[in-house]
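Notes follow once the structure below has been shown.
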Amino acid sequence: MTGPKPLVVVGDVLLDEDIEGVATRLAPDAPAPVVDVTGDRRHPGGAGLAAALAARGGRDVVLVTALGDDPASEAVRRELSGRVRLLELPLHGTLPVKTRVLAGGRPVVRIDRGGGTPGEPDDAVREALAGAHAVLVADYGRHTAGAVRAPLEDAARHTPLVWDPHPKGDPPVPGARIVTPNAAEAVALCAGAPGAPPDGSAPEGSSLGAFAVRGARLAERWRAAGVAVTLGERGVLLTRPGGGTPMLIPAPFRADGDPCGAGDCFAATTVAALADGLLPEEALQRAVAEAAAFVAAGGAGNPDLWHTPAVPGPARSPAADAFELAEAVRARGGTVVATGGCFDLVHAGHVGLLESARRIGDCLIVCLNSDASVTRRKGPGRPLTPAADRARVLAALGSVDAVVVFEEDTPEAVLGRLRPDVWVKGGDYSVQALPEAEVLRTWGGQAVVLPYLDGRSTTLLARRAARAAAVALKSPEG
């Protein structure tokens, strides 16, 4: 294979169908709600959703899955066209279709139809796995991963591999970098592990200690480098083989929304972060934040996920009009995201925050403190970099769509003009403590907090540079 190595997703694709409506009465012949349908939508689920999420931002993604000649398979091909590259295994049967009937946004019933058996992989599949930059296995119990187990085992020896398991699926291959069961899956998968009670339970039930024991047992059984058990609002618990102290990565905020697809978002973000060179702990922190934002935005049912990507237009200048951009994105039903700050010296903490913020919506606008505003906030000697240069650096980042400079000490006035759907801040803020949160609420916007890399700040960088300059002046060469 030539060119940059792709991220390869292997797994079971489903067709997810949501039928939405309202329920205000019960059927006359049974105690069942009557749902008056207001709309419906269909989109790829399972490995198809994970691959589409991994491909956000223009990443090259290859999806290895089993598809047939049935209408559901054709619908999946149409939706994934232009998003990911498909390498198909033959499907003996029909693609599974999972239909949810929702009333008032809440599921009333789910109907499952279809199913088949994957056939054998060809040389193209084996070559893709051999040349992958990173691999994600999205196992939904339909045994696509089992059909390509041998090349997956080879890939795990030299490539970061994340396995999202299923109780009815195939066991992860030895050497997986991270395995990502949720709480219920960890209980089910731990049943029968060496030293575990037959039902997978532990004396502590659903305590963190109980899941630490389960995660360590599963890591040993699978010979995985780590098992990250997702615990919903509590975050993620990372465990290693042999026990030891687990690491809890809390969710950055409580996400109220549809959790459908959150596991796919978490796994896809984790493998993409590993492909970018992040350590497992850093990758999981990014994935927890992304999954929370994904749920808050409506989960897999968010129609913005499947909007046809716009045809690229003329490149925007660094001084692109943020207000025109916000209006255009809103007009086509997109989500406007904004963040703000001084950005005096752009560092890794800023870059990580901006990348995470951009993935929440359809554009990211940075509200930048003017030079006078920075001086009032930070004191004499700041900013180190004038506003025009700071804006140019930010606009050059792929995650930033536009920059607007404001003169006031706080961005409330410029936010009132931009009216973003989401306002993002990084660090140890609480949403309630953000003064901008109240302004956002006046038009139905939402303020959120995302994790921030510790130890990175402009002040620390400036002090480090000053110390280095002082040492240089004292040296003979200085």
Side-chain angles (χ1 to χ4, degrees), residues 12-46 48-50 52-53 70-76 78-79 94-115 140-142 166-168 182-185 188 206 230-234 251 253-266 291-308 330 332-335 360-362 421-422 431 440-446 448:
D12 311 305
V13 171
L14 321 168
L15 182 63
D16 286 344
E17 181 179 41
D18 284 348
I19 300 174
E20 297 181 315
V22 294
T24 58
R25 66 192 190 280
L26 295 176
D29 55 343
V34 176
V35 178
D36 293 314
V37 176
T38 57
D40 61 80
R41 55 178 178 265
R42 308 172 88 197
H43 55 79
L49 174 61
L53 292 172
D70 54 294
S73 294
E74 290 298 330
V76 164
R78 285 194 302 272
E79 284 291 344
T94 59
L95 197 73
V97 180
K98 296 185 178 296
T99 303
R100 294 192 306 169
V101 179
L102 301 99
R106 297 184 178 277
V108 175
V109 66
R110 196 182 90 177
I111 303 164
D112 291 1
R113 293 169 288 168
Y140 274 76
R142 304 284 175 167
H166 191 281
K168 296 181 179 179
N182 63 30
E185 290 166 345
S206 60
T230 57
L231 302 172
E233 294 177 357
R234 289 191 285 178
F253 59 93
R254 177 170 179 164
D256 295 321
D258 188 350
C260 182
D264 297 305
C265 179
F266 177 80
F294 177 83
V295 171
N302 178 7
D304 289 343
L305 287 176
W306 301 103
H307 278 168
T308 301
R330 271 195 300 271
R332 65 173 185 260
T335 298
I360 294 174
D362 299 284
D421 301 290
V422 183
V431 170
L440 268 288
R441 279 193 284 270
T442 61
W443 59 81
Q446 175 66 54
V448 301

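Taking every heavy atom of both residues into account, P31 and L26 meet most closely at C-CD2, 4.3 Å. Nearest heavy-atom pair, A300 versus L49, reported as atom, atom and distance to 0.1 Å: CB-CD2, 3.8 Å. Contact record, S73 with L95: OG-CB, 3.6 Å, taken as the closest heavy-atom pair. In terms of heavy atoms, F294 sits closest to A262 at CE2-N, 3.7 Å. Taking all atoms of both residues into account, the shortest heavy-atom contact from Y140 to D12 is N-OD2, 2.8 Å. Across G114 and R142, no two heavy atoms sit closer than the pair O-NH1, 4.0 Å.
Atoms CG and CD, from L440 and Q446 in turn, are 7.5 Å apart once rounded to the nearest 0.5 Å. Atoms OG1 and CD1, from T335 and I360 in turn, are 10.0 Å apart once rounded to the nearest 0.5 Å. To the nearest 0.5 Å, atoms CG (D362) and CZ (R330) are separated by 12.0 Å. The distance from the CD1 atom of I19 to the CG atom of L102 is 9.0 Å, given to the nearest 0.5 Å.
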query = What's the verdict on salt bridge (Lys or Arg N to Asp or Glu O under 4.0 Å) for D16 and K98, showing C-alpha distance, side-chain angles and the deciding distance?
reply = CA-CA 5 Å; D16 286 344; K98 296 185 178 296; over 6 Å; no
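Proximity of N182 to F266: side-chain heavy atoms (C-beta onward) are nowhere separated by under 4.5 Å. E74 places none of its side-chain heavy atoms less than 4.5 Å from the side chain of L15.
Of the charged side-chain nitrogens involved, at least one lies within less than 4.0 Å of a carboxylate oxygen, so that R100 and D18 count as a salt-bridged pair.
Across T24, V101, V22, a single residue satisfies side chain to side chain contact (heavy atoms under 4.5 Å, CB included) together with V35, and that is V101. Between E17 and the options R110, R113, R41, a salt bridge (Lys or Arg N to Asp or Glu O under 4.0 Å) holds for only R113.
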